[in-house]
Amino acid sequence: MASIRILSGIQATGTPHLGNYLGAIRSWVQHASSSTYFMIADLHAITVPKEPELLAQGRFATAAGLLSAGLEATSAVVFAQSVVPEHTQLAWLLGSITSMGELQRMTQFKAKSESLQETASAGLFTYPILQAADILLYDADQVPVGDDQRQHIELARDLAIRFNHRFGDTFKVPVATFPPVGARVMDLQEPRAKMSKSAKSRRGVVLLTDDDTAIQRKFRRAVTDSHEEVGYDASGRPGIANMIEIAAAVRTEPVEQAIERYSGWKYGKFKDEVADLVINLVAPIRGRIAEFQESPQELRARLGADAERATHIASQVLRRAKQNIGLGEF
Ligand code: AQP
């Protein structure tokens with residue numbers, strides 16, 4: 001039986017955080033094989049203004065985070081999007097069958113462009129098309145993502161179906177998969193907003209490079225509510241609900257079990273407990289990231305070799321799409 005092909009990505013915006021790990025990277029590592037493709041989305045990262053030096057640092061930190069979080073020991077293909085030019089070429093073909101209305105409905109664009117208004121880049125608007133190209137280029141069966149990516153994956157599916165309908169069978173239609181817990185880790189300071197690398201403040205974001213003291217401090221200062229004892233109410237007490245869900249995800253147990261375990265605990269003790277769970281999770285990853293920063297040769301070699309493996313598949317799929325749309329060889 002042919003193995004399941006998996007593609008997923010992470011923006012090249014810096015060291016991954018706890019949400020990236022629990023919502024995405026951990027399951028990438030669990031499912032990793034030579035049929036899994038994990039992409040550092042560095043072209044997506046330039047849709048908002050970025051200093052070249054910061055982009056380069058963010059790209060490296062993302063790669064180091066992915067490998068250190070477990071992908072290094074697997075045969076997964078880990079590569080940077082910009083190194084495989086087929087991504088932008090397929091995005092152009094798909095852009096020609098995408099409507100403005102579809103892009104205007106994307107909630108991520110609405111949220112990100114709100115403060116920028118007319119100055120928002122065209123790239124920010126067409127971003128979901130490039131993301132569809134990223135996925136379809138690898139004949140992916142599954143796309144494991146966090147909850148925030150639902151709408152984008154739906155667009156990728158729609159475009160695949162539309163292309164196949166108009167130009168003949170070309171793309172595999174992928175499905176999104178979500179982790180049972182940890183699909184949406186919230187910011188510890190703003191528990192109604194998702195934890196994000198691009199958050200204005202890092203106080204509520206736990207990075208995979210944070211030291212033990214920083215992690216403990218972030219949990220101790222996490223925003224809660226006026227109660228004193230742990231109880232689960234996702235809408236009324238989002239801060240505590242988020243920490244219960246984090247604990248459940250780290251322990252890989254159902255949320256119901258964590259609710260039972262921690263109900264009635266005083267807030268101080270509970271926050272320290274969740275911090276300890278996270279500290280144990282992050283410590284080895286942080287150690288390996290530091291080694292990569294110190295000597296990057298192994299990282300460079302791995303990404304170089306994997307980019308060739310990615311190009312091998314991507315070039316075949318792009319050729320098929322060009323052929324079917326009428327842009328094959330003369
Ligand atoms: N808070 C989260 N909880 C669970 N999963 C998450 N993911 C992202 N945030 C959470 C999942 O991680 C993968 C990579 O996503 P990303 O690179 O878009 O992460 P980010 O932190 O959202 O990055 P940015 O740069 O800060 O982007 P924006 O500005 O878009 O928020 C994905 O599978 C994602 O679902």
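Please read all numbers here as calculations on a predicted model, not as lab measurements. Ligands are counted one by one from 1 in listed order, and the atoms in each one are counted from 1 as well.
When Q149, R150, E245, K197 are checked for heavy-atom proximity to atom 20 (P) of ligand 1, K197 turns out nearest. Relative to atom 2 (C) of ligand 1, the option among I25, T47, V185, I153 with the closest non-hydrogen atom is V185. When the heavy-atom distances from atom 6 (C) of ligand 1 to G19, A45, A41 are ranked, the shortest goes to G19. By heavy-atom distance, the residue among S8, G23, G9 lying nearest atom 32 (C) of ligand 1 is G9.
Residues Q151 and T107 bring a donor and an acceptor atom of their side chains to less than 3.5 Å of each other.
Remark: ligand 1 and W28 share no N or O pair separated by less than 3.5 Å (distance only, no angle test). Some N or O of M195 is nearer than 3.5 Å to an N or O of ligand 1, by distance alone. In terms of N/O distances under 3.5 Å, ligand 1 is not approached by D147. Distances between N or O atoms of A199 and those of ligand 1 include no value under 3.5 Å.
Atoms of ligand 1 lying under 4.0 Å from at least one heavy atom of V145, given by number and element, are 33 (O), 35 (O). Remark: ligand 1 atoms within the under-4.0 Å shell around heavy atoms of K194 are 1 (N), 8 (C), 9 (N), 20 (P), 22 (O), 31 (O). Residue-ligand proximity, R184 to ligand 1, at heavy-atom distances under 4.0 Å covers atoms 3 (N), 4 (C). Against a heavy-atom cut-off of under 4.0 Å, A24 is close to the following atoms of ligand 1: 12 (O), 13 (C), 33 (O).
With a 4.0 Å cut-off on non-hydrogen atoms, I10 touches ligand 1 through its backbone as well as its side chain. When heavy-atom distances to ligand 1 are checked against a 4.0 Å cut-off, D148 comes that close only through its side chain, counted from C-beta outward. Contacts between S196 and ligand 1 below 4.0 angstrom, taking non-hydrogen atoms only, involve backbone and side chain alike. At a 4.0 Å heavy-atom cut-off, ligand 1 does not touch M186 at all.
A cation-pi contact, defined as under 6.0 Å to the ring centre and within 45° of the axis, is absent between R184 and F178.
Taking the six-membered ring where tryptophan is involved, the planes of Y138 and H87 are tilted, since the angle between them lies from 30° to 60°. Ring geometry for F109 versus F125: interplanar angle over 60°, hence perpendicular rather than tilted (30 to 60°). Between F270 and W265, the ring-plane angle classifies as perpendicular under the 30° and 60° cut-offs.
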Exercise for the section: Could you give me the CA-CA distance, side-chain angles and deciding distance for Q108 and D148, then say whether side chain to side chain donor-acceptor pair (under 3.5 Å) is met? Expected result: CA-CA 8 Å; Q108 186 168 299; D148 58 321; over 6 Å; no
Practice task
Let me see the working for D272 and K269 under salt bridge (Lys or Arg N to Asp or Glu O under 4.0 Å), right down to the final yes or no.
Solution key: CA-CA 5 Å; D272 280 351; K269 182 179 167 204; over 6 Å; no
Practice task
Kindly indicate, with the supporting measurements, whether the criterion side chain to side chain donor-acceptor pair (under 3.5 Å) is fulfilled by E256 and Y232.
Solution key: CA-CA 9 Å; E256 294 70 30; Y232 187 84; over 6 Å; no
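Around NE2 of H312, the count of heavy atoms belonging to other residues, nucleotides or ligands within 6.0 Å does not exceed 12. At most 12 non-hydrogen atoms from other residues, nucleotides or ligands lie less than 6.0 angstrom from CD of E190. Within 6.0 Å of CZ on R320 lie more than 12 heavy atoms contributed by other residues, nucleotides or ligands.
In this structure, H17 counts as a contact residue of ligand 1, since one of its heavy atoms falls inside 4.0 Å of the ligand.
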